[in-house]
Amino acid sequence: MSRTVGCYLVELLAANDIDTVFGIPGVHNLELYRGLAACQVRHVLVRHEQGAGFAADGYARLSGRPAAAFTISGPGLTNILTAVAQAYSDSVPLLVVAATPVRASLGKQWGVLHELRDQRALAAGVFGVARTAASAEDVRDHLRVCLASLRAGRPRPAYLEVPLDVLAELTTLPATRFADATPLPQAPDAQIDAAVRLLAVAERPIIIAGGGARHAGAELHRLVDTLDCPLVTTAAGKGILLENHPANLGASLPYRPIQTLIADADVVVSVGTELSETDIYTALKLTLSGLLIRIDIDPAKFTDHYGADVPLWGDARARLQSIQERLTARTGWKTQSGGAASYRMQIHGAFDRNARALLNALGAVRAALPRDGVVFSDMTQIAYLGNYAFATDGPGQWFHPSGYGTLGFALPAAVGAKISSPARAVLALAGDFGLQFTVGELMTAVEERLSLPIVVWNNAALGQIRDDMQASHIPLTGVIARNPDFSALAQAHGAAAARVGDAHALEQAVREAFNRSGPTLIEVVAAQFTPGS
Ligand SMILES: Cc1ncc(C[n+]2csc(CCOP(=O)(O)OP(=O)(O)O)c2C)c(N)n1
Ligand SMILES: [Mg+2]
């Protein structure tokens, strides 16, 4: 059967479980659109390619299934790159398929429509894999590599570009399902033995768990109980252990008492975390005086700026289990130090009035969110505190643009997440300025009839930057912005709107929003918020 390469590419996606595409069609990628309906691949029209990237990111973060984004050449690609860099830094899988101008023009600078000097080179600096297909066979071979990169132990976004004249060529190649070729990394027994020997005599062990351990909650729980040691998570690892487990210090890496505790540990076990600056926020690197046992699926981590005294390459579940099985339970540091409660009290004791007002608002959102509800947060002061203080009942319920830290993530990522999992309660939490980066995707949420509360923490400022300027005695410049009338903005899009100034009204507004079939923009007037009781 003969059809265009564009159709063939879509058939390959469908045969390999990609069922949703976020995108914006243009004359350069028309042929990618021809086969969508026949293959029953859903297309979601976004309002900006950056929205397509964030939506595909949110889709994968919540469902674990990768989605694709289709872009035109040139501006379509440059627009999506910020979202791709965010996904790369947080190890989120998404596939971008872009057109390029006709093959004969590539690299020649004829000035054709949507021309970039070197489109693939640009993509290669941001994606994990970036390939150019010059034929139907290339599409098949490169897509195999791209999809493997999405499904690797540490997934990365992948990129395939196809010249628009190649997309229109005919092919009879059959669309096949690719074999799962993900290699299983091994940790030599000698290294497991070394880790067990260290932990068996450790006096002050501590575990730090990140997003790479999200699926290993049961194994972590057993190891924490066996060693009787404290556990700290990154924001991406939030909820791995029940928030009120006596050993769970929560996502508290940015706080001094926890950094001191880690510095005092004689053995640190890190599992599925980069321990990067964006996990710690208040320091470039943790100070360690003890030995570091590092469990990671990405072997590159063993030789980074921390190094690993005992590297354990592999999946978090398997490695944690093999260590735990060989240790005997004992009373340890957690019991001696009084458990997590005393550290949490120290952290809370240092919160100022502003932080306590933020806590009050976070509590209201939490109260209105169903138990398995999910929050997609932006780069805003309420989310920086929420990274630690928003209580989640399980892993994968609080998502933050941790690694790259880009504004504009929350709304489109929540849109993608809700589309991936319509039965889950999904909420977006953004600042007044950050929301405006991608507010166009409110129209997408209306069009898709997504039941989605969008909570906007309106402090009428680029709040964090204002505070940083103030602290550095820099004259306040460019940090007080005029905002739109958020209610009118919502209504102009056909979304519902609410404006609240206290915890009770916020909780009520979020509950009502979950009962609506479309999105609700909830403006929270920060100046009216008090620390609460
Ligand atoms: C794409 C991008 N541009 C600039 C920044 C720098 N930045 C970080 S937070 C921030 C202010 C955001 O203001 P708002 O969304 O209102 O949140 P607030 O700090 O007031 O809670 C800025 C400009 C960024 N993180 N990402
Ligand atoms: Mg603000």
Side-chain angles (χ1 to χ4, degrees), residues 48-55 57 78-90 126 235 254 276-279 281-282 351-362 364-365 375-390 398-414 427-442 454-472 474-486 489 499-501 506 521-529:
H48 186 287
E49 286 84 357
Q50 191 178 121
F54 285 139
D57 176 316
T78 48
N79 278 347
I80 205 172
L81 286 179
T82 297
V84 173
Q86 183 63 61
Y88 183 95
S89 65
D90 286 342
V126 182
S276 70
E277 185 200 17
T278 56
D279 296 316
Y281 259 121
T282 50
F351 285 154
D352 61 14
R353 193 185 149 79
N354 277 339
R356 285 184 286 118
L358 291 167
L359 275 184
N360 195 15
L362 287 168
V365 172
V375 177
F376 279 81
S377 60
D378 217 272
M379 297 298 286
T380 159
Q381 292 184 311
I382 192 167
Y384 307 146
L385 186 64
N387 277 339
Y388 165 67
F390 191 86
W398 172 271
F399 296 102
H400 187 68
S402 296
Y404 199 52
T406 181
L407 288 167
F409 168 81
L411 170 57
L427 178 145
L429 176 62
D432 51 308
F433 195 71
L435 177 82
Q436 295 177 61
F437 276 65
T438 48
V439 73
E441 304 311 337
L442 181 56
I454 302 151
V455 176
V456 181
W457 179 253
N458 183 5
N459 54 15
L462 289 68
Q464 184 60 45
I465 314 304
R466 172 201 58 198
D467 293 355
D468 291 345
M469 275 188 185
Q470 235 152 16
S472 305
I474 295 170
L476 293 188
T477 310
V479 288
I480 307 298
R482 180 168 169 173
N483 277 328
D485 174 335
F486 285 109
L489 182 77
R499 190 165 189 271
V500 298
L506 174 56
L521 193 66
I522 302 170
E523 178 190 357
V524 186
V525 185
Q528 293 173 10
F529 248 81

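Every number for a ligand or one of its atoms is a count from 1 in the order of the listing. Hydrogens, waters and symmetry mates are skipped; everything else that's a heavy atom, side chains included, is used.
- When only non-hydrogen protein atoms are considered, atom 8 (C) of ligand 1 lies nearest to Ile465 CD1, 3.9 Å.
- Between the side chains of Trp457 and Asp432, no donor-acceptor pair is found at a separation under 3.5 Å.
- Nearest heavy atom pair, residue Gly405 against residue Gln86, reads N-OE1, 3.2 Å.
- Any N or O atom pair closer than 3.5 Å counts here, and Thr406 shares no such pair with ligand 1.
- Residue-level proximity to ligand 1 for Ala461 is carried by the backbone, the only part with a heavy atom below 4.0 angstrom.
- Scanning the protein heavy atoms around atom 19 (O) of ligand 1, the nearest turns out to be Gln464 N, 2.9 Å.
- Atom CZ of Arg499 is surrounded by 12 or fewer heavy atoms from other residues, nucleotides or ligands within 6.0 Å.
- Of the candidates Val524, Leu521, Asp378, Ile522, Val456 forms a side-chain contact (heavy atoms from CB on, under 4.5 Å) with just one, namely Leu521.
- Looking only at heavy atoms of the protein, atom 20 (O) of ligand 1 is closest to Gly463 N, 2.6 Å.
- Across Leu385, Leu407, Asp378, heavy-atom proximity to atom 22 (C) of ligand 1 is greatest for Leu407.
- Side-chain N/O atoms of Asn79 and Gln50 include no donor and acceptor closer than 3.5 Å.
- For atom 9 (S) of ligand 1, the closest heavy atom belonging to the protein is Tyr384 OH, 3.6 Å.
- At a 3.5 angstrom cut-off on N or O pairs, Phe433 counts as close to ligand 1.
- Taking every heavy atom of both residues into account, Ala481 and Leu462 meet most closely at CB-CD1, 4.0 Å.
- Proximity of Thr380 to ligand 1, defined as any heavy-atom pair under 4.0 Å, is shared by backbone and side chain alike.
- Using cut-offs of 30° and 60° on the angle between ring planes, the pair Phe433 and Phe437 is perpendicular.
- Residue contact annotation: Phe409 has no non-hydrogen atom under 4.0 Å from ligand 1.
- Annotation for Pro412 and Glu441: closest pair CB-CG, 3.9 Å, computed over non-hydrogen atoms.
- At a 4.0 Å heavy-atom cut-off, ligand 1 does not touch Tyr404 at all.
- No side-chain donor from either of Asn354 and Gln381 sits under 3.5 Å from a side-chain acceptor of the other.
- To the nearest 10 degrees, the Mg ion (ligand 2) sees OD1 of Asn459 and O of Ala461 at an angle of 90°.
- At least one N or O atom of Asn459 sits closer than 3.5 Å to an N or O atom of ligand 1.
- No N or O atom of Phe437 sits closer than 3.5 Å to an N or O atom of ligand 1.
- Listed here is the closest heavy atom pair of Val126 and Leu81: CG1-O, 3.7 Å.
- At least one N or O atom of Gly405, backbone or side chain, sits closer than 3.5 Å to an N or O atom of ligand 1.
- Below 30°, between 30° and 60°, or above 60°: for Phe376 and Phe409 the angle between ring planes is between 30° and 60°, a tilted geometry.
- Asn483 and Gln436 share a side-chain donor-acceptor pair at under 3.5 Å.
- For Leu435, no nitrogen or oxygen atom sits less than 3.5 Å from a nitrogen or oxygen atom of ligand 1, counting backbone and side chain alike.
- Within Asp432, the N, O or S atom at minimum distance from the Mg ion (ligand 2) carries the name OD1.
- Counting atoms of ligand 1 from 1 in the listed order, those under 4.0 Å from a heavy atom of Gln381 are 18 (P), 19 (O), 21 (O).
- From the protein, the heavy atom lying nearest to atom 15 (O) of ligand 1 is Gly434 N, 2.7 Å.
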